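See structure below.
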Amino acid sequence: MSETPPNTLQYRFDGPEDAPVLILGPSLGTTWHMWDRQIPELTKQWRVFRFDLPGHGGAPAHPAASVADLATRLLATLEGLGVPRFGYAGCALGGAVGIELALRHPERLASLALIAASPRFGTADEFRQRGVIVRTNGLDPIARSAPERWFTGGFAAAQPAITEWAVQMVRTTDPGCYIAACEALASFDVRAGLGSVGVPTLVLVGSEDQVTGPAEARTLVAGIPDARLAVVPGASHLVPVEQPAAVTDLLVRHFSTAWQPLPENATGHVVLPAAAPAAPVAVAPQPAPVAAIAPAAAPPQTQGVPDTYDAGIKVRREVLGDAHVDRILEQTDAFSEDFQELVTRYAWGEVWDRPGLDRRTRSCVTLTALVAGGHLDELAVHTRAALRNGLTPDEIKEVLLQAAVYCGVPAASRAFRVAQQVVREETTPPE
């Protein structure tokens, strides 16, 4: 166990002190205990390092702003422990951290395993919407729905103790850190950089994963030059918990045979020699063979546009959501394109992107101005934006009450009707 400053992570070690270090990274809403069933076998060959995400598992609640921030904190923790090089296996958000390490710090990685991972997790709108729900309702709705996302129906029914453990694991997470992790996943997109991942990589996925399933796994394998795919039948998103023996066997085989040695002039841990593949652990059903996937075509290059437009479209999407911005751009034609470019460049690329006010404050100002002008269509759009920017329904209510004093009761009455409907739609947890 560790004491955890804000720039590091809560961690634990298992296994022999002189063995090569293998890091196991958790998924959003879980703790290092998601890897408990892998530890007895992995510690026969490796010194296993596990960490908790901020605010998870009792770790101090120091929210991380991005996946890169999490990777930086992990490296700072390892620097303090004198660990220069390691293998890394991560699940979901933990896998995103692994990709970030491979792209930004390849010299630190001997080998990589990405489990239930993706180069882009769903859409930014989905994760920001999840943040709105948590900010409004707390983590209980997310906790209650976790087993549906993480496990197959048969496993959840047959293993009620594990199912309840999963619910409590999410429920005891710090909400602010959970929301920050959602924001980190919303902004994570490394599809264009996969070709730069230069370490041997195992991509492992459950066949029944509805969150980051086989399609996402194949995207990773197609983009990473030295990657192989393993599909575990009968498993959903939290495959190390649902099929522990199969996952352990695959990890042992991968890290035993694909541990990239250090350059001759480098220093660090003595690497593990290549070993014969471990005997498969008897599980039912057995995982499919590890298979190579042909490289995919490189993603198309985006044409260059002015800097303020680039900044503007990014901020516009972050505040209003991809779906709304895509709808506007699809409706743009030769008559309206100059206006949309003006709005994107000046309203979003210059004013909204200025550092003088944070986005919460800009949302308050915008809501008030729209009430004063009677712009109810835009008020609905910016009520959604205010929720995404971190305002709670109670704070939006206070803004509209303030507007009622200075903009008039009739205008505020209409605004309350619009905002009330939006808040209901945006903050009601999915059934």
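Treat the numbers as computed from the prediction; the structure is a model and nothing was measured. The first residue in the sequence is number 1, and the count goes up from there.
Of the charged side-chain nitrogens involved, none lies within less than 4.0 Å of a carboxylate oxygen, so that Asp14 and Arg47 do not count as a salt-bridged pair. A salt bridge does not link Arg345 to Glu350: none of the charged nitrogens lies less than 4.0 Å from a carboxylate oxygen. A salt bridge between Glu216 and Arg120 is absent, with no side-chain N of the basic residue lying under 4.0 Å from a carboxylate O of the acidic one. With respect to Glu126 and Arg130, no salt bridge is recorded, no charged nitrogen being found less than 4.0 Å from a carboxylate O. Arg144 and Asp140 are joined by a salt bridge, as a carboxylate oxygen and a charged side-chain nitrogen come within less than 4.0 angstrom of each other. One finds no salt bridge joining Arg317 and Asp125 here, because no Lys/Arg side-chain nitrogen approaches an Asp/Glu carboxylate oxygen to under 4.0 Å. Ion pair Glu242/Arg37 not flagged as a salt bridge, since none of the NZ, NE, NH1 or NH2 atoms sits closer than 4.0 Å to an Asp/Glu carboxylate oxygen. For Arg359 and Glu318, the salt-bridge test passes: some basic side-chain N is under 4.0 Å from an acidic carboxylate O. A salt bridge links Arg191 with Asp189: the distance from a Lys NZ or Arg NE/NH1/NH2 to an Asp or Glu carboxylate oxygen falls below 4.0 Å.
Interatomic distance, His62 NE2 to Arg73 CZ, rounded to the nearest 0.5 Å: 7.5 Å. Separation of atoms CD (Glu426) and CD1 (Ile133) is listed at 8.5 Å; rounding is to 0.5 Å. Separation of atoms CD1 (Ile396) and CG (Leu387) is listed at 4.0 Å; rounding is to 0.5 Å. Between the CZ atom of Arg128 and the CD atom of Glu183 there is a distance of 5.0 Å, given to the nearest 0.5 Å.
A donor-acceptor contact shorter than 3.5 Å is absent between the side chain of Ser27 and the backbone of Thr30. Put simply, the side chain of Tyr88 gets close to the backbone of Gly94: a donor and an acceptor are under 3.5 Å apart. A donor-acceptor contact shorter than 3.5 Å links the side chain of Gln38 to the backbone of Pro240. Thr77 places no side-chain N or O within donor-acceptor distance of the main-chain N or O of Thr8, the cut-off being under 3.5 Å. Between the side chain of Arg108 and the backbone N or O of Pro84 there is at least one donor-acceptor pair closer than 3.5 Å. Without hydrogens or angle criteria, Asn137 side chain to Thr427 main chain gives a donor-acceptor distance under 3.5 Å. Although no hydrogens or angles enter the test, the distance criterion places a donor-acceptor pair under 3.5 Å between the side chain of Glu395 and the main chain of Thr392. In this structure a side-chain-to-backbone donor-acceptor pair under 3.5 Å is missing from Arg50 to Phe13. Between the side chain of Thr163 and the backbone N or O of Ala156, at least one donor-acceptor pair lies under 3.5 Å. The backbone N or O of Ala116 lies less than 3.5 Å from a partner atom in the side chain of Thr212, making a donor-acceptor pair.
Closest non-hydrogen pair, Leu9 versus Asp52, comes out as CD2-O, 4.0 Å. Of all the heavy atoms in Gly29 and His56, the pair that sits closest is N-NE2, 3.1 Å.
Side chains of Arg424 and Thr428: no donor on one and acceptor on the other come within 3.5 Å. There is no side-chain donor-acceptor pair under 3.5 Å between Ser66 and Asp69. Glu398 and Gln402 form no side-chain donor-acceptor contact under 3.5 Å, judged by distance and modelled atom types alone.
Using bins of under 30°, 30° to 60° and over 60° for the plane-to-plane angle, the ring pair Phe121/Phe127 lands in the perpendicular bin. Ring geometry, Trp259 versus Trp46: the interplanar angle falls under 30°, so the pair is classed parallel (tilted spans 30 to 60°).
A 4.5 Å side-chain heavy-atom check between Pro200 and Phe255 finds every atom pair outside the cut-off. Considering only heavy atoms from C-beta on, Glu425 comes within 4.5 Å of Arg384 through its side chain. Side-chain contact between Val197 and Leu220 is absent, with no heavy atoms from C-beta onward closer than 4.5 Å. Residues His105 and Leu75 form a side-chain contact, since some pair of their non-hydrogen atoms from C-beta on lies under 4.5 Å apart. The shortest distance between side-chain heavy atoms of Glu100 and Thr72 does not fall below 4.5 Å. Annotation: side chain of Asn389 is in contact with side chain of Val319 (closest heavy-atom distance under 4.5 Å). Contact check for Leu22 versus Phe86: no side-chain heavy atoms found under the 4.5 Å cut-off. Residues Val247 and Leu250 are not in side-chain contact: their nearest non-hydrogen atoms beyond the backbone lie 4.5 Å or more apart.
Ring centroid separation for the pair Phe49 and Tyr11 comes in under the 6.0 Å cut-off.
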Hey, mind stepping through His382 and Ser363 against side-chain hydrogen bond (donor to acceptor under 3.5 Å, both in side chains) and telling me if it holds?
CA-CA 7 Å; His382 278 277; Ser363 278; 5.7 Å; no
